[in-house]
Amino acid sequence: MGRDTIADILTSIRNAEMHKKELVRIASTNITENIVKILLREGFIENVRKHRERNTNFLVSTLRHRRRQRKSPFKTSLKRTILKKTILKRTILKRISRPGVRIYSNYQRIPKILGGMGLVILSTSRGIMTDREARLERIGGEILCYIW
């Protein structure tokens, strides 16, 4: 029985973000490298480096914790400032196509997450790409995961 490496990536990133850890260690395969490159390009991850330990390759990635500043409802004067609270926004990662149930879509029916604000990662005949790239190239494929 094989392992679901994509679900392992998403779960390790989700758990590290929940516990506010900076580094995540991911097993290195071709699929995981391509997914991490997409996450790096889209700004969900700050940095990635390869690490070799006992004949096993790992990807060590640095997470980007996204923060949003809450505006104060009170007007501030020049002399007095009110501290702004920061709220940690959590990245949601959801696995769609699984080894037991594969989900495929053509380029016209690729879902838009949050009206295009989210990200859909697909496995196509031309490699792993985002929903925007697949629509531009007019190719469909297997929907791997949603990220928003």
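All values below were derived from every heavy atom in this structure, side-chain atoms included, with hydrogens, water molecules and symmetry-related copies excluded.
The OG1 atom of Thr5 sits 10.5 Å away from the CD1 atom of Ile26 when rounded to the nearest 0.5 Å.
Under the 4.5 Å side-chain contact rule for hydrophobic residues, Leu119 and Ile6 share a cluster. Under the 4.5 Å side-chain heavy-atom criterion for grouping Ile, Leu, Val, Met, Phe, Trp and Tyr, Met117 is not connected to Leu136 through any hydrophobic cluster. Hydrophobic clustering, with ILVMFWY side chains joined whenever heavy atoms are under 4.5 angstrom apart, keeps Tyr104 apart from Val101. A single hydrophobic cluster is not seen to contain both Phe58 and Ile9; linkage of ILVMFWY side chains at heavy-atom distances under 4.5 Å, directly or through other members, places them apart. Clustering ILVMFWY residues whenever any of their side-chain heavy atoms sit less than 4.5 angstrom apart, transitively, puts Leu39 in the very cluster that holds Ile31.
Looking only at distances, a side-chain donor or acceptor of Arg14 sits under 3.5 Å from a matching main-chain atom of Leu93. Side-chain N or O atoms of Glu22 include none that pairs as donor or acceptor with a backbone N or O of Leu63 at under 3.5 Å. Judged by distance alone, with hydrogens and angles left aside, the side-chain atoms of Thr32 form a donor-acceptor pair with the main-chain N or O of Ala27 at under 3.5 Å.
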When you look at Arg135 and Lys112, which way does the side-chain contact (heavy atoms from CB on, under 4.5 Å) test go after all the steps? CA-CA 11 Å; Arg135 282 191 199 97; Lys112 288 187 178 183; 3.3 Å; yes
Please determine whether salt bridge (charged side-chain N to carboxylate O under 4.0 Å, His left out) holds for the pair Arg41 and Glu133, giving the CA-CA distance in whole Å, both sets of side-chain angles, and the decisive distance to 0.1 Å. CA-CA 13 Å; Arg41 188 175 62 221; Glu133 295 168 349; 2.9 Å; yes
Test side-chain contact (heavy atoms from CB on, under 4.5 Å) on Arg132 and Val120; report intermediate values, then the result. CA-CA 8 Å; Arg132 285 174 241 133; Val120 178; over 6 Å; no
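Nearest approach of Leu10 to Lys94, heavy atoms of both residues: CD1-C, 4.2 Å. Contact record, Val48 with Ser61: CG2-CB, 3.9 Å, taken as the closest heavy-atom pair. Closest approach of Ser28 and Glu33 over heavy atoms only: OG-OE2, 2.8 Å. Summarising the geometry of Ser12 relative to Val24, their closest heavy-atom pair is OG-CG1, 3.7 Å, with the distance given to 0.1 Å.
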For residues 137-147, which side-chain donor-acceptor pairs fall under 3.5 Å, sequence neighbours excluded?
unit_1: Glu137; atom_1: OE1; unit_2: Arg126; atom_2: NH1; d: 2.9
unit_1: Arg138; atom_1: NH1; unit_2: Tyr107; atom_2: OH; d: 3.4
unit_1: Glu142; atom_1: OE2; unit_2: Ser97; atom_2: OG; d: 2.6
unit_1: Glu142; atom_1: OE2; unit_2: Arg102; atom_2: NH1; d: 3.0

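Using a 4.5 Å heavy-atom threshold, the side chains of Arg64 and Asn47 count as separate. With a 4.5 Å cut-off on side-chain heavy atoms, Leu59 and His51 do not count as touching. No side-chain heavy atom of Ile128 sits less than 4.5 Å from a side-chain heavy atom of Leu122.
Heavy atoms of other residues, nucleotides or ligands lying less than 6.0 angstrom from CZ of Arg98 number 12 at most.
Through chains of ILVMFWY side-chain contacts below 4.5 Å, Leu23 is grouped with Val60.
Judged purely by distance below 3.5 Å, without hydrogens or angles, the side chains of Thr130 and Glu42 never pair a donor atom with an acceptor atom.
The side-chain hydrogen bond (donor to acceptor under 3.5 Å, both in side chains) check on Asp8 picks up Arg3, with sequence neighbours excluded.
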